[in-house]
Each structure stands twice: as C-alpha cells, then as structure tokens.
Amino acid sequence: MSLPHAILTALLEKPSSGLELTRRFDRSIGYFWSATHQQIYRELGKLEGEGYIRALPAERPARGQKKSYEVLPAGREELARWTSAPQEPRPWRDALFVRLRAAAVVGTTGLEDDLRRHLTLHERTLAEYGEIEKRDFGPGRDSAQDRLQHLILRAGIDLETFWTQWLRNALTEFERLPDGGGTSDAGVPDGGASEDGASDGAVPDAGGGVAEGRA
C-alpha cells in the first residue's frame, strides 16, 4: 500500500482539507497506515500536480482559509487500477522474534519486562478496537462500504487477539525457564544443539513458514 492511494481513498469517501485528512488518519486509516501531517500535505501537492485531485473553490474566499480537495476522474482511475492489481503477501518481520532467538544464547535479562509492556499495549489497542466496533458497526450498518470497513476492523481485532494470547503464553513460558533464561552453563541453548552450536529444532522463518536448523 502507498500513502497516495490511502489519500485518494479518503478523499473519495469525503472531500477534505489537509488538516481534516490528518484527523481522519489519526481516527481510522492511521490504525493500519500511519502518516504525519507533513507527509499528507506533501502527497496532496504531488497528487494535485499529477492531475489526480484538485482544490475545491472556496465559497467565501478568505485569507488563510484551508483548501479542501476532491478526486478527479484520473485519480479515481488510478485508484481503481492500483486496487485491482495483484500484490504479493509481505513477509512477516519482527525484531521481537530475533530478540527471543538471541535470548536463547545470551540470556533473557530485561526481555520479560518488555513482553509485559507489549502485552499491556496490545490489550489497550484491543479494547479500543472493541469500542470502535460497538460505536460504528451496530445493527443496520449493512452497506458494502460498511461491510468492507468492518472487515478491516475485524482484521485488527483478530491480530490484537492473537498478540495478547501469544504474549500471555510467552510470559507463562518465561516463568518455566530454568535460571539463566534457557542457556546452559556453557552458554549453549538447553533445547539441544548440533555440533556447530546451532539449534536442531524447527524455527519460524521470515515468511511465516518453517525452516529446519539455522534460520
């Protein structure tokens, strides 16, 4: 996904000024594609220069009045082209899992506390998503736009549910680790190692599959 296409989507939903777009990103789109005030204004200028959007004429021209933008036919065509084009899934990359792998050989000092902090943050986000669902997707919200927007929110809810459950499981596992965070006295992982020191177990690879031995 790209920021210009997110902006085109937002403007097709409702013509807006740069400030209004920033607020809308903070309230909704920003949950899955964040952007700063400066980035949004920069992209608005580019989109206008490319003929994808235009500034709406002001009803009462006044000095310092904020410009509102609407999408032109060329912008709608570009968004439709981008939406229909196939895209490959992006590999999942998260430094947390590299840190866990590293903890098996250097120890877990400080990591458990950070997992608890992550859990608190994900629980907070999950609760926030639940409130949004109750507020915005009650009975009667059954249009195609409502259903697709709810589908996005459900993805966020399902993802935060996964993270909260996984982090709880991880913290339970930390409580069961032997002293030293799963390393032996010689600094070799307790889970079994090959002669070259690499773990013999299967580990998740960056794409979510399984790689045998050393990743």
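Quick note: residue numbers are just sequence positions, from 1.
- A salt bridge does not link Arg117 to Asp113: none of the charged side-chain nitrogens sits closer than 4.0 Å to a carboxylate oxygen.
- We find that Lys66 and Glu20 are not joined by a salt bridge, their nearest charged nitrogen and carboxylate oxygen being 4.0 Å or further apart.
- Between Asp26 and Arg23 there is no salt bridge, since none of the side-chain N atoms of the basic residue sits less than 4.0 Å from a carboxylate O of the acidic one.
- In this structure, a donor-acceptor pair under 3.5 Å is present between the side chains of Gln165 and Asn169.
- Panel note: side chain Tyr41, backbone Leu19; a donor-acceptor pair is recorded below 3.5 Å.
- With respect to the salt-bridge test (charged N to carboxylate O, under 4.0 angstrom), the residues Glu173 and Arg176 qualify.
- Side chains of Ser2 and Glu43 form no contact here, defined as non-hydrogen atoms less than 4.5 Å apart.
- Between Trp92 and Phe97, the ring planes are perpendicular. Angles over 60° get that label, and only those under 30° would be called parallel.
- Residues Leu44 and Lys67 form no side-chain contact, since every pair of their non-hydrogen atoms from C-beta on lies 4.5 Å or further apart.
- Under the 30°/60° scheme for interplanar angles, the aromatic rings of Trp166 and Trp163 are found to stand perpendicular.
- Nearest heavy-atom pair, His122 versus Leu167, reported as atom, atom and distance to 0.1 Å: CD2-CD1, 3.6 Å.
- A heavy-atom distance below 4.5 Å is found between the side chains of Leu115 and Leu96.
- Listed here is the closest heavy atom pair of Ser17 and Ser68: N-OG, 3.8 Å.
- Evaluated for a side chain to side chain contact (heavy atoms under 4.5 Å, CB included) with Ile53, the options Leu11, Leu12, Ile7, Leu72 yield exactly one hit, Leu11.
- Remark: side-chain polar atoms of Arg24 are paired, donor with acceptor, to backbone N or O of Lys14 under 3.5 angstrom.
- Across all non-hydrogen atoms, the minimal contact from Ala6 to Phe25 is CB-CZ, 4.0 Å.
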